[in-house]
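Pasting in a structure now, in structure tokens, and then I'll have a few things to ask.
Naming: A, B, ... by sequence-line order, numbering from 1 per chain. Since this is a predicted model, take the numbers as computed values, not measurements.
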Number of protein chains: 2
Amino acid sequence: MLTLKHLRSIEAIHETGSITRAASRLYLTQSALSHQMVGLETYYNVMLYERTRPLRLTPAGERLLELAREVAPRMEACERDLQRMSERRQPGRLRIAVECHTCYDWLMPAMDAYRSHWPEVEMDLVGGFHADPVSLLADDRADLVIVSEPGRAREVSYEPLFRYEMLALMASSHPLAAKSRLEAQDFAQETLITYPAPDRLLDLVRRVLKPAGIHPERRQVELTIAIVQLVASRKGLAALPAWAVAPFLERGYVVARPVTAHGLWSDLFAAVRSEDATRGYVRDFVTTLREQAFMSLPGIESVPESS
Amino acid sequence: MLTLKHLRSIEAIHETGSITRAASRLYLTQSALSHQMVGLETYYNVMLYERTRPLRLTPAGERLLELAREVAPRMEACERDLQRMSERRQPGRLRIAVECHTCYDWLMPAMDAYRSHWPEVEMDLVGGFHADPVSLLADDRADLVIVSEPGRAREVSYEPLFRYEMLALMASSHPLAAKSRLEAQDFAQETLITYPAPDRLLDLVRRVLKPAGIHPERRQVELTIAIVQLVASRKGLAALPAWAVAPFLERGYVVARPVTAHGLWSDLFAAVRSEDATRGYVRDFVTTLREQAFMSLPGIESVPESS
DNA sequence: CTTATTCATGAATTTATTTCATGATAATCA
DNA sequence: TGATTATCATGAAATAAATTCATGAATAAG
């Protein structure tokens with residue numbers, strides 16, 4: 001029988017163009033999703049997608065996608081209403097702390113989307129720099145913190161959001177632009193342009209350069225646009241999320257290259273107090289973060305289980 | 001997770017005002033439906049219906065009902081479209097034969113409802129009287145026959161529709177009106193007014209009077225309204241489906257009484273060729289018959305499994 | 001007050017879903 | 001063009017979910 005689960009699957013397959021990627025986004029194995037689709041196809045005796053790469057929906061698949069788009073939001077709205085009815089306490093509050101500079105790019109639209117679903121939830125951003133932002137949860141100064149690594153404290157629950165690739169950025173006239181990927185040694189003689197943040201938060205430094213014993217000259221700038229401008233002016237290299245550099249590549253002054261053989265991928269998690277993790281408005285905020293990110297950020301993936 | 005099944009359940013509970021009756025209409029045990037509801041209630045941590053008789057939906061239950069009403073028809077429309085896509089043969093044909101006179105009362109509206117879902121299916125009514133209407137299927141003179149008893153031939157599939165109670169009808173001034181229920185002997189000295197049909201099709205005669213060896217005087221009339229008129233004029237008794245007599249009871253000239261201790265219940269089935277039983281447009285016709293009947297005929301029930 | 005009904009619940013059963021392990025097929029790249 | 005890597009399909013096993021059966025408790029009807 002047709003379920004919401006099937007509709008979500010069709011949407012994910014359509015959006016990712018692949019059973020494997022869709023499965024990962026749905027937190028399923030590739031096999032489970034394949035079985036699920038074969039089951040649907042057998043039940044209705046139709047093909048739902050062409051077995052080509054990239055995979056495309058057939059007319060029958062498109063029809064299901066259409067259903068998903070008209071039906072899924074209504075079911076979700078109903079679920080939110082039920083959650084509201086069950087939590088007869090005060091409407092919730094979400095004070096959000098963010099560790100990474102670029103996070104604001106996707107956090108703001110996500111908060112907007114969330115506000116329309118949960119108008120009664122009061123949202124706030126916790127400003128300032130904090131050595132250990134997760135401790136803001138226990139101190140009751142924040143209710144949700146965006147971090148790049150899950151901790152292991154039992155009082156805090158870490159919800160995976162997504163992962164993105166960090167790309168090395170250089171002027172298109174830079175000699176290193178000739179290489180298809182950069183390694184740690186390539187940075188040795190360069191200036192590294194970063195946000196003003198401790199090394200712990202700079203994935204390139206912490207996970208690539210420091211382990212290789214390489215400590216390039218450094219320069220710190222606040223704004224992404226300023227970093228790109230300095231790179232274009234051949235003042236040094238930078239490492240930024242793939243989705244953040246995409247708009248600048250079109251103009252051709254800078255180029256982006258992966259770092260190390262498999263690329264430098266960073267994960268993001270939402271940390272919440274474990275007692276809050278099951279609340280409807282909190283879970284829905286996390287879900288909204290994921291949805292909005294996958295909708296607007298090109299090239300991101302879901303966090304693999306092992307992380 | 002919320003499924004279409006849950007929505008159908010909520011609808012059935014709302015319409016029947018009882019877990020037991022809803023379960024029977026959904027072809028489930030009472031227990032299964034109870035578990036299902038408790039599961040939903042636990043998942044969302046809300047009550048869905050008041051534990052009173054008759055049972056009423058809570059606001060949370062009403063919210064689910066609202067969802068059901070906006071979402072279920074869309075899912076059904078999509079399923080029909082998929083079925084159409086899978087059957088790339090000729091659009092179907094439905095020649096329908098009917099055994100019982102009163103069937104036309106609910107069959108016509110049901111056919112209208114069905115026509116809007118399957119405009120490409122050509123419907124026709126097979127007229128005339130037939131000693132063995134089910135044989136019309138094998139003879140390819142009909143595609144679906146409404147009958148009151150399932151046969152056991154393997155080439156024919158019998159889909160249960162619903163059951164209704166036959167009530168004895170008499171003038172309100174008739175002495176028997178004093179009794180709360182009638183027995184076979186009560187008919188011995190009366191005239192029985194029936195449709196012009198063989199005894200085999202008259203449930204009162206076949207299942208009550210004949211077994212008791214009672215053969216009252218008879219009079220045959222074509223139209224339901226004429227039967228009621230004769231009864232009101234004290235020309236005799238009649239037995240008609242509860243839903244067919246309901247409109248005449250209001251005026252007060254006739255009264256209706258159950259027959260025998262547990263009432264005289266008649267079942268209805270749709271007989272189709274087994275090869276047709278799985279076709280989308282056929283299954284949907286049967287589903288539409290059930291739906292429309294339960295929607296418009298008061299006091300009917302679903303056919304118990306054993307029948 | 002007794003007798004029906006009706007709903008809830010625990011245990012057992014059946015059915016469905018998911019994963020694991022692996023094979024087949026198609027795309028990519030030296 | 002092979003060799004290599006990606007991706008999807010599939011069967012068997014494991015896990016999870018839904019359904020039934022048997023029964024108890026609560027509620028309405030006679």
Just how far, in rounded Å, is P of dA4(C) from NE2 of His262(B)?
-> 10 Å
Glu11(B)-Ser9(B) side chain donor-acceptor pair, cut-off 3.5 Å =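 Checked: Glu11(B)/Ser9(B) side chains show no N/O donor-acceptor pair below 3.5 Å.
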Phosphate OP1/OP2 of dA8(C) contacted by Ser34(B) side-chain N/O (<4.0 Å) = yes
Measure from CG on Leu2(B) to P on dA17(D) and round the result to the nearest Å.
->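 After rounding, the reported distance stands at 15 Å.
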With syn defined as a glycosidic angle within 90° of 0 and anti as everything else, classify dA18(D).
-> anti
Specify the separation, in whole Å, of atom CG of Leu33(B) and atom P of dA17(D).
-> 19 Å
Choosing from dT19(C), dC7(C), dC8(D), which nucleotide comes nearest the side chain of Leu55(A)?
->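 The answer is dC8(D).
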Got a sec, which residues hit side chain to side chain contact (heavy atoms under 4.5 Å, CB included) with Ala32(A), two or more places apart in sequence or on another chain?
->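 Result, side chain to side chain contact (heavy atoms under 4.5 Å, CB included) vs Ala32(A): Leu28(A), Thr29(A).
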Do the side chains of Glu291(A) and Leu289(A) get nearer than 4.5 Å, heavy atoms only?
-> no
Just compare dC7(C), dT17(C), dT19(C) and give me whichever is closest to any side-chain atom of Leu28(A).
-> dT19(C)
What is the distance, rounded to the nearest whole Å, between atom CD of Glu41(B) and atom P of dT9(C)?
->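 Atom CD in Glu41(B) sits about 10 Å away from atom P in dT9(C).
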What are the two closest heavy atoms between Phe248(A) and Val254(A), and how far apart are they?
->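 Closest approach of Phe248(A) to Val254(A), heavy atoms only: O-CG2, 3.8 Å.
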Go through dC7(C), dA9(D), dT19(D) for me and flag the one nearest to the Ala32(B) side chain.
-> dT19(D)
List for me each residue that meets side chain to side chain contact (heavy atoms under 4.5 Å, CB included) alongside Asp81(A), sequence neighbours excluded, and say none if there are none.
-> Arg84(A), Arg63(B)
Does the side chain of Tyr49(A) get closer than 4.0 angstrom to OP1 or OP2 of dT7(D) through an N or O atom?
->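 So the side-chain polar atoms of Tyr49(A) never come under 4.0 Å of the phosphate oxygens OP1 or OP2 of dT7(D).
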Six-ring centre of Tyr49(B), Arg51(B) cation under 6.0 angstrom, axis tolerance 45° = yes
Would one find a side-chain N or O of Tyr43(B) under 4.0 angstrom from OP1 or OP2 of dA17(D)?
-> no
Hey, is His35(A) stacking on dT17(C)? Ring centres under 5.5 Å, planes under 30°.
-> no
Is Ser31(B) near enough to dT9(C) that one of its side-chain N or O atoms lies under 4.0 angstrom from OP1 or OP2?
-> no
Contact list (N/O, under 3.5 angstrom) for nucleotides 25-29 of chain D vs protein:
residue, atom, partner, partner atom, Å
dT27(D), O4', Arg53(B), NH2, 3.4

Only counting residues at least two apart or in another chain, list the ones meeting ring pair (Phe, Tyr, Trp, His ring centres under 6.0 Å) with Phe187(B).
-> none
Should Tyr164(B) and Trp106(B) be marked as a ring pair (Phe, Tyr, Trp, His ring centres under 6.0 Å) after you check the CA-CA gap, both sets of side-chain angles, and the distance that decides it?
-> CA-CA 12 Å; Tyr164(B) 56 90; Trp106(B) 51 266; 8.8 Å; no
Crowded around Arg56(A) CZ? As in, over 12 foreign heavy atoms under 6.0 Å?
->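 Result for CZ/Arg56(A): open.
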How close or far is atom C1' of dT5(C) from atom CD of Glu301(B), stated in whole angstroms?
->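 Between C1' of dT5(C) and CD of Glu301(B): 13 Å.
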Short side-chain N/O contact from Gln30(A) to OP1 or OP2 of dT7(D), under 4.0 Å = no
Give the rounded distance in Å between these two atoms: CD1 of Ile19(B) and C1' of dT19(D).
-> 15 Å
Where does dA24(C) fall, syn or anti, if syn means a chi angle no more than 90° from 0?
-> anti
Minimum-distance nucleotide to Thr20(A) side chain [options: dT7(D), dC21(D), dT19(C)] | dT7(D)
To the nearest Å, how far apart are Met1(B) CE and dA16(D) C1'?
-> 15 Å
Residues in side-chain hydrogen bond (donor to acceptor under 3.5 Å, both in side chains) contact with His6(A), at least two apart in sequence or another chain =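 Result, side-chain hydrogen bond (donor to acceptor under 3.5 Å, both in side chains) vs His6(A): Thr3(A).
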Here the distance between atom P of dC7(C) and atom CG of Leu48(B), to the nearest Å, is 15 Å
Counting heavy atoms from C-beta on, name the nucleotide in dT19(C), dC7(C), dT6(C) closest to the side chain of Arg21(B).
->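 Taking heavy atoms from C-beta onward, the closest nucleotide is dT6(C).
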Do Tyr44(B) and Glu79(A) have side-chain atoms, one donor and one acceptor, less than 3.5 Å apart?
-> yes
Should stems be defined as at least three consecutive Watson-Crick or G-U pairs with both distances under 3.5 angstrom, which of them involve DNA chain D?
->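 Runs of three or more consecutive pairs: C:1-3 with D:28-30, C:5-24 with D:7-26, C:26-30 with D:1-5.
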